[in-house]
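Residue numbering restarts at 1 for every chain, and letters A, B, ... go by the order of the sequence lines. This one's a predicted model, so the numbers in the text were calculated from it and none came from an experiment.
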Protein chains: 2
Amino acid sequence: MSDILSYLTTEQPKQEHVQQDNFIVLVEPSPEDACSLINRHRSRFVIVLYGNLRAHYEGRAKSDLELAPRLVILKPDGALLIHEATKREPVIWQPPKATLYAQVDNGILVLKSVRTNPYEVVKIEIPSLYFLGLFKLGVTENYKVIGSEKDIVDFLVKNLDFVEPGLKLISREFETNVGSIDLLCEDKDGNLVVIEVKRGQAGPEAVHQLKRYVEHMQKTTGRNVRGILVAQDISSSAFRYLREYGFKFVRIPQKVLIGLMSTLK
Amino acid sequence: MSDILSYLTTEQPKQEHVQQDNFIVLVEPSPEDACSLINRHRSRFVIVLYGNLRAHYEGRAKSDLELAPRLVILKPDGALLIHEATKREPVIWQPPKATLYAQVDNGILVLKSVRTNPYEVVKIEIPSLYFLGLFKLGVTENYKVIGSEKDIVDFLVKNLDFVEPGLKLISREFETNVGSIDLLCEDKDGNLVVIEVKRGQAGPEAVHQLKRYVEHMQKTTGRNVRGILVAQDISSSAFRYLREYGFKFVRIPQKVLIGLMSTLK
DNA sequence: AACTGTATGTCGATC
DNA sequence: GATCGACGTACAGTT
């Protein structure tokens, strides 16, 4: 079976074939054929390999994978993923901008991916390559995820009363040298109010972030400064901190978020 | 070409074929064949689909992908990935434990993946399916990445003089209700020393984390407490904080880390 | 199941 | 290029 498949996909004149088709698949290609196809098409196709392979990663950390069947994905931007049977995450990977080198060493297909800054190397040896697929993919322009923190801040800017009646907006993304404050306001009593927004459940870090901003504004303005944390939820320990520091928590009910998400698009 | 390939892969008795082979590939399968294969084998194979597809995600946030060629990966643990031509990250995904439903609606292959807690749904419509691959993959047991923070702490425990001569270990992973302190020590002058370890470059958060621990230990013990941040590097603003709070920074040169990584395995 | 902290995090925005 | 914070973060370890 494999021979026939290989034959079918390789016997045609490559250039034309590639230009009109948006994918090529080979079953049990020779290392040489695979290497040649990879080198010729890696800048235009996403390449999927399935084979028995060893892999080694070294850079910020280091790890090794012994010989086993795995899936390798090579993208035109240099991203490289090695996947196993489980997890959303690859076991070993290289982010975009890595450079790929494919060659045949002693009859074995070897892929090497090198990245700089930080310098990191992934080396893959594939003694048995069972499948090679080249697929033409695109990139969705203007891809937008709705419901991010930015969307919530947008909403709050237009509905400040939702946080607390009488708030007046001073600035959005107010830059300080301790970070950027999501919303800086003034309350009905003339206090400065720092608002920190979190999309999901706020943890201890969110409260400490808020504290940092509040302290900074107190120090730099000398005014009385309040802190308000706005989120869908808050963890118990984060809530302890919150009360300790005298801050206020405003929950965004999921109902509001869903409504918010359905109005946007 | 496609017809012949499909034929080659489908005409054989499925059961035997599957049991002995570790992969099956089909070019331009019918939606019905694809659906049937997916439903029968999704718990044992990693499935790769290439086709022109629309996708919709809704849950913690929400997003849509218009019709375009993309790669879909389905894993036996329920993980689902939709990849485009670039990035290490999938555009849309589902983490493990999601449940997959595959069906044919009006002649179109439709995949639906549902996850609970949080409730999230990914729906994929594939009007044109060009390729379907089923690959048998494993999971590397005892997979270990070397050079994690834990490894560094291990090293420091055995080489406390590296941080500062005369340090004596009191506790590792000392649990407080503000978090767990990497290393709690006593210096040669009898001061309590809180050591926070970061693997890479320490940012402002690391310093604030350290501050939290130091303040907590001061409050609960009444003793004089020092703070030391150990990391490969520190960002400029983090260093400002560090000096402001009177903490100390100890750099782990990369040379030491590499040596550390080579001794472990 | 909820919570906490790490990650070879990745990614985008800003300086 | 360095820095910083968000992410549908994912994931592992603990309570």
Expressed in angstrom and rounded to an integer, what is the separation of [X] atom [atom1] from [N] atom [atom2]?
| X | N | atom1 | atom2 | answer |
| --- | --- | --- | --- | --- |
| A/K150 | D/dG8 | NZ | P | 14 Å |
| B/E149 | D/dA12 | CD | P | 17 Å |
| A/Q201 | C/dC3 | CD | C1' | 8 Å |
| B/L242 | D/dT3 | CG | P | 15 Å |
| B/R88 | C/dT10 | CZ | C1' | 6 Å |
| B/E84 | C/dC11 | CD | C1' | 15 Å |
| A/L81 | C/dT8 | CG | P | 15 Å |
| A/K144 | D/dA6 | NZ | C1' | 13 Å |

**Report entry** Separation of A/Q94 CD from A/D77 CG (nearest 0.5 Å)
**Finding:**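 Answer rounded to 0.5 Å: 11.5 Å.
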Query raised in the report: Got a second to check how far B/Y245's OH is from B/L210's CG, nearest 0.5 Å?
Result: 10.5 Å
Charged N-O contact under 4.0 Å between [X] and [Y]:
| X | Y | value |
| --- | --- | --- |
| A/R54 | A/E66 | no |
| B/R251 | B/D233 | yes |
| A/E84 | B/K75 | no |

Report summary line: The residue, A/P204 or B/R199, whose nearest nucleotide of DNA chain C is more 5′ is A/P204
Report task. With DNA chain C as reference, determine whether A/A61 or A/E205 sits nearer its 5' end, using the nearest nucleotide of each. Result -> A/E205
When you measure from the side chain of [X], which nucleotide among [options] comes out closest?
| X | options | value |
| --- | --- | --- |
| A/K198 | C/dG5, C/dT4, D/dA6 | D/dA6 |
| B/N117 | C/dA1, D/dG1, C/dG5 | C/dA1 |
| B/P95 | C/dT4, D/dC11, D/dC7 | D/dC11 |
| B/R60 | D/dC11, C/dT6, D/dG8 | D/dG8 |
| B/E89 | C/dT10, C/dT8, D/dA2 | C/dT10 |

Name the nucleic acid region contacted by [X], choosing base, sugar-phosphate or nothing; use a 4.0 angstrom heavy-atom cut-off, strictly under.
| X | value |
| --- | --- |
| B/G179 | sugar-phosphate |
| A/E58 | nothing |
| A/S180 | nothing |
| B/E173 | nothing |
| B/S63 | nothing |
| B/P118 | nothing |

Query - Residue met sooner reading DNA chain D from 5', once B/S235 and A/T86 are mapped to nucleotides - result: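 Comparing both residues, the 5'-ward one is B/S235.
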Hey, does the side chain of [X] come within less than 4.0 Å of [N]'s phosphate (OP1/OP2), counting only N and O?
| X | N | answer |
| --- | --- | --- |
| B/S236 | D/dA2 | no |
| A/R115 | C/dT8 | no |
| A/W93 | C/dT10 | yes |
| B/R212 | C/dT4 | no |
| B/R240 | D/dT3 | no |
| A/K87 | D/dA12 | yes |

Query raised in the report: What interatomic distance, in whole Å, is found between P of C/dT8 and the corresponding atom of C/dT4?
Result: 22 Å
**Report entry** Spacing of the C1' atoms in C/dA7 and D/dA6 (rounded, Å)
**Finding:** 15 Å
Report task. Record whether the side chain of B/Q94 comes under 3.5 Å of the base of D/dG8 through a donor-acceptor pair of N or O atoms. Result ->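 A donor-acceptor contact between them is present.
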Query raised in the report: Quick check: does any side chain N or O of B/Y213 sit under 3.5 Å from a backbone N or O of B/D182, one acting as donor and the other as acceptor?
Result: no
Query - Flag side-chain contact, heavy atom, 4.5 Å: A/I228 against A/F247 - result: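 Result no, sub-4.5 Å side-chain heavy-atom pair not found.
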